Amino acid sequence: MPRVNRFRPAMASALLFALGACSNAAQAAEYTMFRDPSCGCCEQWAEHVRHGMNAEIAVKDSADMAAVKDDNGVPETLRSCHTMVVGGYVIEGHVPAADIQRLLKERPAGVRGLAVAGMPLGSPGMEMGDRTQPYQVIAFGEAGRSVFNSYN
């Protein structure tokens with residue numbers, strides 16, 4: 001008579017639960033975007049993230065965006081018009097949703113956040129027809145700065 005392992009179904013269930021939790025981490029995170037009330041591109045970027053990540057984003061207007069960026073450790077040379085906080089990370093500027101998803105999935109050591117400095121044409125929320133500018137998504141934090149992704 002073959003020996004039956006009673007622990008296999010329990011282990012399989014636990015593994016499936018863990019995998020499901022990981023894949024839903026991006027959707028389960030709280031997304032809070034801070035923006036200057038007079039900026040229009042921020043809402044377009046938030047819509048990109050809503051659709052690209054199936055996420056609800058709380059939008060908070062702030063008349064003192066420099067303080068928001070200071071409080072969240074955004075380096076001055078990487079600043080843009082809006083700042084989002086999600087899953088313990090800071091997302092600065094027009095970072096594509098796919099890069100945010102990758103950050104939340106990989107959780108690289110020493111990274112505090114991602115930034116797209118300035119407002120490059122063609123980045124999410126800054127679409128201007130066929131006009132585009134190359135730009136980089138920069139990871140920043142305790143590990144220093146590095147290119148997380150590049151767009152031509």
Side-chain angles (χ1 to χ4, degrees), residues 13-152:
S13 294
L15 180 61
L16 287 174
F17 177 77
L19 288 173
C22 290
S23 67
N24 289 327
Q27 288 99 6
E30 289 186 28
Y31 296 72
T32 304
M33 180 183 74
F34 299 89
R35 72 178 198 104
D36 185 295
S38 64
C39 184
C41 67
C42 302
E43 284 294 337
Q44 292 173 340
W45 177 80
E47 197 60 28
H48 162 79
V49 174
R50 283 183 188 106
H51 284 112
M53 298 183 69
N54 193 25
E56 293 295 322
I57 300 174
V59 177
K60 295 188 178 186
D61 289 344
S62 174
D64 190 358
M65 286 301 296
V68 170
K69 293 167 190 319
D70 289 343
D71 291 346
N72 286 288
V74 178
E76 286 190 29
T77 57
L78 295 179
R79 293 184 177 188
S80 183
C81 54
H82 53 266
T83 303
M84 184 171 74
V85 178
V86 57
Y89 291 100
V90 178
I91 308 299
E92 178 68 15
H94 296 266
V95 176
D99 293 322
I100 300 169
Q101 285 177 317
R102 181 178 148 210
L103 175 71
L104 293 174
K105 180 180 177 186
E106 294 177 2
R107 297 196 167 277
V111 173
R112 173 80 179 110
L114 299 177
V116 170
M119 300 167 69
L121 292 178
S123 62
M126 291 298 299
E127 293 88 354
M128 301 287 259
D130 292 337
R131 295 176 29 192
T132 61
Q133 295 173 305
Y135 66 95
Q136 294 180 324
V137 177
I138 303 298
F140 65 91
E142 298 80 28
R145 296 182 192 179
S146 63
V147 176
F148 194 76
N149 207 348
S150 293
Y151 293 88
N152 294 321

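We number each residue from 1, following the sequence as shown. The structure displayed is predicted, hence computed values, not measured ones.
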Requested in this report: To the nearest 0.5 angstrom, please state how far the CG atom of L104 sits from the CD atom of E106.
Outcome: 10.5 Å
Report summary line: Closest non-hydrogen contact found for G113 with Y89 is N-CD2, 4.3 Å
Query - Q136 side, atom CD; S123 side, atom OG - distance, nearest 0.5 Å - result: 13.5 Å
Query raised in the report: In Å and rounded to the nearest 0.5 Å, what is the OG1 to CG distance from T83 to D36?
Result: 11.0 Å
Query - Side chain W45, main chain V95, donor-acceptor under 3.5 Å - result: yes
Query - H94 side chain near C41 side chain, heavy-atom distance below 4.5 Å - result: yes
Requested in this report: Write out all pairs satisfying side-chain hydrogen bond (donor to acceptor under 3.5 Å, both in side chains) with one or both partners inside residues 138-151, taking only residues at least two apart or from two chains.
Outcome: T77-R145, D99-N149, D99-Y151, N149-Y151
Query raised in the report: Nearest heavy-atom pair of L103 and F148: which atoms, and what distance?
Result: N-CZ, 3.9 Å
Query - Shortest non-hydrogen separation from R35 to D61 and the atoms involved - result: NE-OD1, 3.1 Å
Less than 3.5 Å apart, which donor and acceptor atoms pair up between the side chains of residues 46-53 and the rest of the protein, not counting sequence neighbours?
residue : atom : partner : partner atom : Å
E47     : OE1  : R50     : NH1          : 3.2
E47     : OE2  : H51     : ND1          : 3.2
H48     : NE2  : A97     : N            : 2.9
H51     : ND1  : E47     : O            : 3.2

**Report entry** Straight-line distance of M33 CE to I57 CD1, nearest 0.5 Å
**Finding:** 6.5 Å
Requested in this report: Check P96 against P124 and note the closest heavy-atom contact, atom names and distance.
Outcome: CA-CG, 3.7 Å
Requested in this report: For side-chain contact (heavy atoms from CB on, under 4.5 Å), just list the numbers for L114 and I138, CA-CA rounded to whole Å, side-chain angles, deciding distance to a tenth of an Å, and then say yes or no.
Outcome: CA-CA 5 Å; L114 299 177; I138 303 298; over 6 Å; no
Query raised in the report: Would a distance-only check, ignoring hydrogens and angles, find a side-chain to backbone donor-acceptor pair under 3.5 Å from H82 to G93?
Result: yes
Report task. Quick one: pull up NZ in K69 and CG in L78 and give me the separation to the nearest 0.5 Å. Result -> 10.5 Å
Requested in this report: Determine whether R79 and E76 make a side-chain contact, defined as any pair of heavy atoms from C-beta on separated by less than 4.5 Å.
Outcome: yes
Requested in this report: Over all heavy atoms of both residues, which pair between F140 and G73 is shortest? Give the atoms and the distance, please.
Outcome: CE1-O, 3.5 Å
Report task. Without swapping roles, check the side chain of R112 against the backbone of V90 for a donor-acceptor pair under 3.5 Å. Result -> no
Query raised in the report: Under a 4.5 Å cut-off applied to non-hydrogen side-chain atoms, are S80 and M119 in contact?
Result: yes
Requested in this report: Enter the distance from N152:CG to Q133:CD here, rounded to the nearest 0.5 Å.
Outcome: 12.5 Å
Report task. Please answer whether the main-chain N or O of V74 pairs with a side-chain N or O of N72 as donor and acceptor at a distance below 3.5 Å. Result -> no
